Amino acid sequence: MANFTAATDCWFITGATASGKTAVAVELAQRIDAEIVSLDSMALYRHMDIGTAKPRPGERGPIAHHLIDVIEPHEEYSVAQYVAAAEKCIHEIKARGREVLFVGGTPLYLKGLLRGLFEGPPADWEFRHRLRDEAQQHEPGWLHEQLAAVDPKAAARLHANDTRRLIRALEVYEKSGMPISQLQQQFDRGRPADECRVFVLNWPRQVLHQRINRRVDAMFAEGLIDEVCTLLDKPEPLSRTARKAVGYREVIEHLDGRHTLEETVELVKQHTRQLAKRQNTWFRSLEECRFVPIHGELDPVKYAERIVAMTQQ
RNA sequence: GGGGGGUUUCCCGAGCGGUCAAAGGGGUCAGACUGUAAAUCUGAUGGCAAUGCCUUCGCAGGUUCGAAUCCUGCACCCCCCA
């Protein structure tokens, strides 16, 4: 049985990084009388503008945007916080009588909205660090064995090297007394694409790569390096998420003297392509997604209208 | 001109007579992913009619039952002396 969530009847425009989501979304929002909610784990951060390709005020048109610039670069965040914040947005926007249009390329957040999250304990970083340190004292498969003892079903799904997920599974068991495998069952069931409005802008791979390359060059031209310097000058250190964002991580390494500027630009392009690839793996795996093939130059009006038409068939 | 080091599979780089289609890393391809997700983890990666066959370690020869590994010559690159 498919599950219903607050986002079940919302609209979504997603797709790999640099696929032109913002432009299409602004056109679509005007046609369906929607407000936009960002579906992007990095646009949440204030002061990270260039490297996240955050839609600038000028690109947002007359449309209200939500969940952009809501946390500081030193703050940590989580899917659960995101989903909670997004559901609040949904209720408020609906109360104003408008449609809700999610726009962005963070597939985990997408899945969380579409299928809901299980009620679990929040992250306990002290616990995680302790477990991680303890694991390092033991043989490589130790964490996996620990989990297999309390939650064999979860252990069977996780690779012995998947430290992060093994630790979270143990954390859930420790805090709630329940095996994570028992709590997280709703996530496997999706809804058929034609019952949803989840649209994935889908470019031929080579063209997407060209768009990525051009965008990365533009980011450097617009001052990505200065933006990173400003972030590093802040009294609070960057959060682990912010620090590892594509574009930021490489520039930090460059400022550290690890790569030349030229190498850095190339690395950012390469890592952005890899990100796009992983995003597409997600979209292929989610039955809710409908792919919108893009040909030639992106014409936002044309594709916004095409998407509206797709929902009227 | 003399002496020394080097040339390895897409890239970097180990290998220094058999167990080598060749470690490791990168890239690429594919997959996973529920409180870090632009993160993290996994698998594949010379070719093929594929429990085997064929091609590959700068080029051409040679030694050997057997060579990426030893010898000879040639080409290119680097370093030192002149």
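Note on naming: letters A, B, ... go to the chains in the order of the sequence lines (proteins, then strands), and numbering restarts at 1 for each one. This structure is a prediction, so every number in the text was calculated from the model and none was measured. All values below were derived from every heavy atom in this structure, side-chain atoms included, with hydrogens, water molecules and symmetry-related copies excluded.
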Residues in residues 70-84 of chain A with a heavy atom under 4.0 Å of RNA chain B, by number, are A:Tyr77, A:Ser78, A:Val79, A:Ala80
With A:Glu287 via side chain to side chain donor-acceptor pair (under 3.5 Å) - residues at least two apart: none
Does anything in residues 276-284 of chain A reach RNA chain B, meaning a heavy atom under 4.0 Å, and if so which residues? A:Lys277, A:Arg278, A:Thr281, A:Trp282, A:Arg284
Members of residues 196-232 of chain A that approach RNA chain B, where some heavy atom sits under 4.0 Å away: A:Arg205
Short of 4.0 Å, heavy atom to strand atom, which residues of residues 153-180 of chain A count as contacting RNA chain B? A:Arg157, A:His159, A:Asn161, A:Asp162, A:Arg164, A:Arg165, A:Arg168
Which word best sums up how the rings of A:Trp125 and A:His129 line up, parallel for under 30°, tilted for 30 to 60°, or perpendicular for over 60°? tilted
Choose from B:rA37, B:rA39, B:rU36 the nucleotide whose nearest atom is closest to any side-chain atom of A:Tyr109. B:rA37
A:Arg132 CZ to B:rA39 C1', in whole Å, measures 15 Å
Looking at A:Lys244, does any N or O in its side chain come under 4.0 Å of the phosphate oxygens OP1/OP2 on B:rU40? yes
Separation of A:Arg243 atom CZ from B:rU40 atom P, in whole Å? 11 Å
Whole-Å distance between B:rC41 P and A:Leu147 CG? 18 Å
Applying the Watson-Crick and G-U criteria (both distances under 3.5 angstrom) with [ ] for crossing and | for other-strand pairs, one obtains for RNA chain B (((((((..(((.....[.....)))((((((.......))))))(((...)))...(((((..]....)))))))))))).
To the nearest angstrom, the CG-P distance between A:Leu286 and B:rC33 comes to 10 Å
